[in-house]
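Shown next, in structure tokens, is the structure this report addresses.
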Amino acid sequence: MEKPLKTHHRLLLTGAAGGLGTALRGRLKGNCEVLRLSDLADVGVAQPGEEVRLADLSNANEVNAMVDGCDAIVHLGGISVEAPFASILQANIVGAVNLYEAARVHGVKRIVFASSNHVTGFYKQSETIHADHPPRPDGFYGLSKAFGEDLARLYFDRHGIETACVRIGSSFPEPKDRRMLATWLSFDDLHRLITACLSTPVLGHSIIFGMSDNAVTWWDNSRARHVGYVPRDTSDVFREAVYARTSAPDLNDPAAIYQGGGFVKAGPF
């Protein structure tokens with residue numbers, strides 16, 4: 001992994017105890033002088049170049065303290081799976097409002113917001129979509145991320161806070177199934193994408209599909225070229241192994257028809 005451009009003094013990473021937060025913790029230290037880690041769960045002891053500020057995203061006072069003194073935010077916090085609306089509401093909707101209000105109050109002007117491919121989960125896998133296609137969320141989780149994208153646009157238009165809404169596909173060490181051959185995003189490419197969003201001269205309000213350089217893809221990222229993201233990894237090297245351990249999809253199964261996969265069948269709760 002190439003050395004990232006150090007663009008900020010204090011960078012806030014929310015959701016630092018989660019899977020992606022853990023994967024990015026060491027990587028993002030290269031983007032800043034001080035990496036502030038936050039989550040509702042314990043993130044462990046602060047290492048050199050780190051700070052820890054635990055916070056409940058639904059608590060405006062805690063979020064305000066979490067954001068104070070930061071120059072930019074990488075917002076991974078919240079619920080990352082389909083769940084009952086009451087919990088999604090507090091973590092992903094109220095929590096997002098609290099975060100953007102705190103950013104406004106403290107003068108933070110750039111945010112990388114972890115949106116999701118589930119904002120557009122009810123487009124078919126036979127379609128290729130771009131950022132201007134209307135949202136078609138596949139559940140409450142996707143709905144909350146669509147709200148977050150609109151919230152980010154409001155705070156850009158009204159307050160000048162730039163946001164990259166990164167519609168993360170499937171970010172794991174390697175693709176787990178055939179669907180992920182299209183949606184896979186390596187940890188290193190995720191970091192490259194965040195680095196591009198933090199360092200591009202003009203970000204604006206941008207919607208970017210979080211994917212590696214996969215041969216099979218449902219998403220067209222041409223509207224985000226101003227960000228300068230160039231993926232270097234690909235799911236293609238895993239294709240043979242994935243096919244060997246998985247069966248052909250049932251083309252009558254909604255999870256094989258729609259881009260959201262199993263999320264289109266989750267619930268009701």
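These numbers come from the heavy atoms of this one structure, side chains and all, not from hydrogens, waters or symmetry mates. By convention here, the first residue in the shown sequence is residue 1.
- Across all non-hydrogen atoms, the minimal contact from Phe238 to Pro175 is CD1-CD, 3.2 Å.
- Tyr155 is connected to Phe147 through a chain of hydrophobic side-chain contacts under 4.5 Å among Ile, Leu, Val, Met, Phe, Trp and Tyr, so both are in one cluster.
- Looking at every heavy atom in both residues, Ala55 comes nearest to Ser38 through N-OG, 3.6 Å.
- Taking a cutoff of 4.0 Å between a charged side-chain nitrogen and a carboxylate oxygen, Arg192 and Asp233 qualify as a salt bridge.
- The main-chain N or O of His191 is found under 3.5 Å from a side-chain atom of Thr195 such that the two form a donor-acceptor pair.
- Apart from Trp218 itself, the hydrophobic cluster it occupies contains Tyr123, Ile129, Phe209, Met211, Trp219, where clustering links Ile, Leu, Val, Met, Phe, Trp and Tyr at side-chain heavy-atom distances under 4.5 Å.
- Under the 3.5 Å distance criterion, with hydrogens and angles disregarded, a donor-acceptor pair is assigned to the side chains of Asp189 and Ser212.
- Judged as a side-chain hydrogen bond (donor to acceptor under 3.5 Å, both in side chains), the pairs with a partner in residues 74-90 (not counting sequence neighbours) are, in order, Thr14-His75.
- Using a 4.5 Å cut-off between side-chain heavy atoms of Ile, Leu, Val, Met, Phe, Trp and Tyr, with links allowed through other members, Met66 and Val74 fall into different hydrophobic clusters.
- Within a 6.0 Å radius of CZ in Arg245, more than 12 heavy atoms belonging to other residues, nucleotides or ligands are found.
- Under a 3.5 Å cut-off, the side chain of Asn117 and the backbone N or O of Ile168 do form a donor-acceptor pair.
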| query | Where do His130 and Ser222 land on the side-chain hydrogen bond (donor to acceptor under 3.5 Å, both in side chains) test, with the steps shown first? | reply | CA-CA 8 Å; His130 52 68; Ser222 60; over 6 Å; no
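- By the neighbour-count criterion of 12 heavy atoms within 6.0 Å, atom NZ of Lys176 is sparsely surrounded, having that number or fewer from other residues, nucleotides or ligands.
- The residues Arg104 and Glu101 are annotated as salt-bridged, a charged nitrogen and a carboxylate oxygen being separated by less than 4.0 angstrom.
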| request: Evaluate side chain to side chain contact (heavy atoms under 4.5 Å, CB included) for Arg10 paired with Glu51, printing each intermediate quantity in order. | output: CA-CA 9 Å; Arg10 181 175 282 104; Glu51 298 175 342; 3.1 Å; yes
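- Checked by atom type and distance alone, the side chain of Asp71 never pairs as donor or acceptor with a backbone atom of Leu11 at under 3.5 Å.
- With hydrogens and angles left out, the side-chain atoms of Thr246 and Arg178 include a donor and acceptor closer than 3.5 Å.
- Side-chain atoms of Ser116 never come within 3.5 Å of backbone atoms of Val119 as a donor-acceptor pair (strictly under, hydrogens ignored).
- Salt bridge status for Glu50 with Arg36: absent, with no side-chain N to carboxylate O gap under 4.0 Å.
- Taking 4.5 Å as the limit, some side-chain heavy atom of Lys265 sits within range of a side-chain heavy atom of Asp253.
- For the pair Ala17 and Asp42, the tightest heavy-atom approach, listed with the atom from each and the gap, is CB-O, 3.8 Å.
- Side chain of Ser235 to backbone of Leu181: a donor-acceptor contact under 3.5 angstrom is found.
- Ion pair Arg232/Asp213 not flagged as a salt bridge, since none of the NZ, NE, NH1 or NH2 atoms sits closer than 4.0 Å to an Asp/Glu carboxylate oxygen.
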